[in-house]
Amino acid sequence: MCHGNSALEWNVAKDFPVEELLEQDKIPSVHIKFNLPVSCPEIPWSDLEDVLDRRTKKPKILGSGSFGIVKLMKHQSSGKLCAVKINKDDIEEPTVIENLQLEVGVLTRLKHLDCVPELFGVTIPGNNSQVPVMVQEFIGDPKTFRSTMLAIAIEAKVLPPLKAKRVALRICEALRDIHSAKLLHCDLKNDNIMLEPGFVRKDNPKVKIIDFGKAVKMDDKPRYQYNARDQMSWIMKCCSHLAPEVVRGEKPYNVSSEVYGLGVVLKDLSKHFRGFLWQLGEECTDADYRKRPSVEDVIHKIKSHLTSIQGAASQLAAP
């Protein structure tokens with residue numbers, strides 16, 4: 001039986017002859033019970049092992065939040081490191097299932113993109129819960145087990161102006177590709193952007209967009225936020241990446257509100273040196289959503305700016 005009514009509906013019966021495949025034992029029961037895409041493998045919990053933190057000798061925790069924790073584990077069959085999200089026991093099961101359906105559906109839909117984590121599959125965790133959890137690609141250094149969110153890199157001041165502009169371009173291209181798949185992320189911020197290992201020494205570092213727990217299909221019914229009037233100013237302060245018109249309930253999540261979130265990221269990337277990226281971020285966060293540029297316009301402006309920088313450098317280097 002399917003639980004909840006996710007913002008994205010993924011029904012195996014829509015594209016696959018379920019009864020016929022069940023008779024052939026080709027669809028694991030977990031996919032039917034939880035309405036998950038058939039293309040998402042089920043991984044036995046016994047095929048996953050904890051990776052120990054080298055300092056504490058305890059299981060390595062990659063992150064935590066209101067949902068639970070993300071553990072670093074090793075898929076023994078493939079030898080790959082993976083990130084496994086373990087939910088808190090006090091979260092209601094229908095909510096857990098709805099979130100699972102949403103994120104698995106999104107990552108399956110975006111599996112052709114290298115700007116999102118690879119979904120290895122789902123597993124039933126070794127605890128009291130019988131609800132599957134996601135097993136995803138670990139975005140980090142396989143030797144040190146370190147992973148870097150964009151927010152951390154910005155605060156550490158390890159992204160000089162030129163590299164920050166190249167990272168910005170990567171983020172814009174990733175958002176464009178997600179939109180091309182007819183999806184809105186709806187929560188684009190520095191905490192949801194990961195830098196791939198080696199970004200410090202690479203001239204053109206790669207990024208991955210994570211956490212699609214609030215994503216919506218562009219073709220679905222528009223999704224509005226409904227906030228009490230006395231909460232709006234607090235939300236705008238704590239969630240500064242959300243477009244004001246969305247927080248006020250005037251407009252649903254849309255491409256323009258995504259551009260607003262992108263603008264906040266661009267301004268954060270350049271907050272230590274201002275200049276070009278900051279100005280571009282100001283354009284993206286215009287209070288009037290109709291005046292914000294498109295993602296393609298932002299990409300074009302960054303590419304043109306980088307080309308002019310390269311041209312100037314070449315002239316200086318010429319004899």
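Keep in mind it's a predicted model, so treat the numbers as computed, not measured.
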Can you tell me how far the [atom1] atom of [X] sits from the [atom2] atom of [Y], to the nearest 0.5 Å?
| X | Y | atom1 | atom2 | result |
| --- | --- | --- | --- | --- |
| Ile97 | Ile91 | CD1 | CD1 | 12.5 Å |
| Ser240 | Tyr260 | OG | OH | 7.0 Å |
| Asp211 | Lys85 | CG | NZ | 5.5 Å |
| Leu184 | Ile178 | CG | CD1 | 10.0 Å |
| Tyr253 | Lys214 | OH | NZ | 6.0 Å |
| Leu107 | Ile210 | CG | CD1 | 10.5 Å |

Is the backbone N or O of [Y] less than 3.5 Å from a side-chain atom of [X], with the two atoms forming a donor-acceptor pair by type?
| X | Y | value |
| --- | --- | --- |
| Lys80 | Phe120 | no |
| Lys189 | Val264 | no |
| Ser147 | Gly140 | no |
| Gln101 | Phe34 | yes |
| Arg176 | Glu296 | no |
| Glu258 | Cys186 | yes |
| Asn192 | Asp187 | yes |
| Gln76 | Ser46 | yes |
| His272 | Ile154 | yes |

[X] atom [atom1], neighbour heavy-atom count above 12 within 6.0 Å:
| X | atom1 | answer |
| --- | --- | --- |
| Lys182 | NZ | no |
| Lys74 | NZ | no |
| His300 | NE2 | no |
| Lys111 | NZ | no |
| Arg201 | CZ | no |
| Lys206 | NZ | no |
| Asp89 | CG | no |

Carboxylate-amine/guanidinium proximity below 4.0 Å for [X] and [Y]:
| X | Y | answer |
| --- | --- | --- |
| Arg292 | Glu283 | no |
| Asp50 | Lys71 | yes |
| Asp288 | Arg290 | yes |
| Glu155 | Lys271 | yes |
| Asp53 | Lys58 | no |

Between [X] and [Y], what is the shortest heavy-atom contact and its length?
| X | Y | result |
| --- | --- | --- |
| Arg146 | Phe138 | O-CZ, 4.2 Å |
| Val158 | Phe199 | CG2-CE1, 3.7 Å |
| Lys208 | Ile139 | CD-CD1, 3.6 Å |
| Val30 | Leu36 | O-CD1, 4.4 Å |

Quick one: are the ring centres of Phe212 and His185 less than 6.0 Å apart? yes

Got Val259 and Val295 here, is their nearest side-chain heavy-atom distance under 4.5 Å? yes

Quick one, His31 with Glu42, criterion side-chain hydrogen bond (donor to acceptor under 3.5 Å, both in side chains). Give me CA distance, side-chain angles, the key distance, then yes/no. CA-CA 8 Å; His31 292 75; Glu42 181 180 3; 5.2 Å; no

Please answer: with hydrophobic residues joined when any side-chain heavy atoms are less than 4.5 Å apart, are Val207 and Leu169 in the same cluster? yes

Between Ser294 and Asp297: side-chain donor-acceptor atoms closer than 3.5 Å: yes

